[in-house]
There are 2 protein chains.
Amino acid sequence: MNKSSETHLREANISPSYTRVMIYDYLKINHNHPNVDEIYKALCKKLHTLSKTTVYNVLKLFLEKDIARKVTISSSEDKYELTCEDHSHFKCKVCNKLYDIPLVKTEYSTATLKGFKVNNEEVLLTGICVNCNK
Amino acid sequence: MNKSSETHLREANISPSYTRVMIYDYLKINHNHPNVDEIYKALCKKLHTLSKTTVYNVLKLFLEKDIARKVTISSSEDKYELTCEDHSHFKCKVCNKLYDIPLVKTEYSTATLKGFKVNNEEVLLTGICVNCNK
DNA sequence: GTCCTTGCAAAGCGTTTGCACAGAA
DNA sequence: TTCTGTGCAAACGCTTTGCAAGGAC
């Protein structure tokens, strides 16, 4: 069990059960925006009694406590990642892989958004990735 | 039936059936990114025999022919809009309404995306809209 | 006749809910 | 005891699929 992951969970007011730490660590190590099924299948190897419901429960808790978020890219499956330093995403339309890329800066006139309070900016680039672009 | 909508469909190699024109017009008039159910319910009033399957079929065709696209914002329902001049989106986290806003410019270093071909950029701002921000 | 459009019904699949059981406090 | 974490099973909701009927050509 990872000490620092336990600490992160505690800081978010989540009691660090074994399962929760496992899921947290999985997200921490795997930056490939896994969906529920991928997390479930990967952790089943170590946690033989794990159920998908628990994965859903834990991820829901992580979202509520703001230590993880859904990455909603044009597809009907929910993907997840830990809330961390800002970055943007690139989605390859050939292989459908989703890449983390350095933060894309944005520029817009605040005048057109008068009265609107902006808390968050997300940028998604789509195109062809380096592997498919050959 | 709208003459110019018929033309748009023909230009996209879609034979302009009555139902297709109706759905196209609905998307053309309603810029509120409707989901399938909203389109279905709205058009049922005029097309009493309409089925959801047909709405799905037509939207799928529109996506294939690139005259419409899914707007995938963190929620599990698919929303649709016509492919048109570029704009960005603002999502209010209080009322969940999705606004069209003027195009947000982006800035990123092409060096970090060496080998990647970028075809499209999408920006989503989230926050509190003018109506909820009172 | 064939092809295209539409739509009912069923299946599929990801997700949520209800409930129960075991362990911790 | 109560509260918490987990997980089976069922329900749920959106979407897709299979297939058939009717119309266009």
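In what follows, chains are A, B, ... by sequence order, proteins preceding strands, each numbered from 1. Bear in mind the structure is a predicted one, so any value in this text is a computation, not a measurement.
- Shown here for Leu63(B) and Ala68(B), the closest heavy-atom pair between the two residues is CD2-O, 3.2 Å.
- Here dG13(D) presents its C1' atom at 9 Å from NZ of Lys52(B), a figure rounded to the nearest Å.
- The NZ-C1' distance, from Lys60(A) to dG7(D), rounds to 16 Å in whole Å.
- When the P atom of dG7(D) is taken as reference, atom CE of Met22(A) falls 12 Å away, rounded to whole Å.
- Under the 30°/60° scheme for interplanar angles, the aromatic rings of His8(A) and Tyr24(A) are found to be tilted.
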Check the interface with nucleotides 3-5 of chain C: list each N/O to N/O pair with the protein under 3.5 Å, or write none.
residue, atom, partner, partner atom, Å
dT5(C), OP1, Ser15(B), OG, 2.4
dT5(C), OP1, Arg20(B), NH1, 2.6
dT5(C), OP2, Arg20(B), NH2, 3.2
dT5(C), O5', Arg20(B), NH2, 3.2

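- Between Tyr18(A) atom OH and dG7(D) atom P there is a gap of 12 Å when expressed in whole angstrom units.
- Among dG7(C), dC14(D), dT6(D), the nucleotide with an atom closest to any side-chain atom of Leu50(B) is dG7(C).
- Note: CD (Glu38(A)) to P (dT15(C)) measures 11 Å, nearest angstrom.
- The six-membered or imidazole ring of Phe116(A) lies near that of Tyr99(B), with a centre-to-centre distance under 6.0 Å.
- In this structure, the nucleotide among dT17(D), dC8(D), dC8(C) sitting nearest to the side chain of Ser51(A) is dC8(D).
- In the set dT15(D), dC8(C), dG18(C), the nucleotide with an atom closest to the side chain of Tyr56(B) is dT15(D).
- Side chain of Asn30(A) to backbone of Asn32(A): no donor-acceptor contact under 3.5 angstrom is found.
- Atom pair Glu64(A):CD and dT16(C):P shows a separation of 11 Å (rounding to whole Å applied).
- Counting to the nearest Å, the P atom of dT6(C) and the CG atom of Leu59(B) are 12 Å from each other.
- Each of Tyr80(A) and Thr49(B) has a nearest nucleotide on DNA chain C; the 5'-most of these lies closest to Thr49(B).
- Both Val130(B) and Ile101(B) are part of a single hydrophobic cluster, where members link through side-chain heavy atoms under 4.5 Å apart.
- For Arg20(B), there are no salt bridge (Lys or Arg N to Asp or Glu O under 4.0 Å) partners two or more places apart in sequence or in a different chain.
- One can place OH of Tyr40(A) at 14 Å from P of dT15(C), the figure rounded to the nearest angstrom.
- Between Thr53(A) and Val58(A), it is Val58(A) whose nearest contact on DNA chain D lies nearer the 5' terminus.
- With rounding to the nearest 0.5 Å, the separation of CG in Leu98(A) from NE2 in His33(A) is 4.5 Å.
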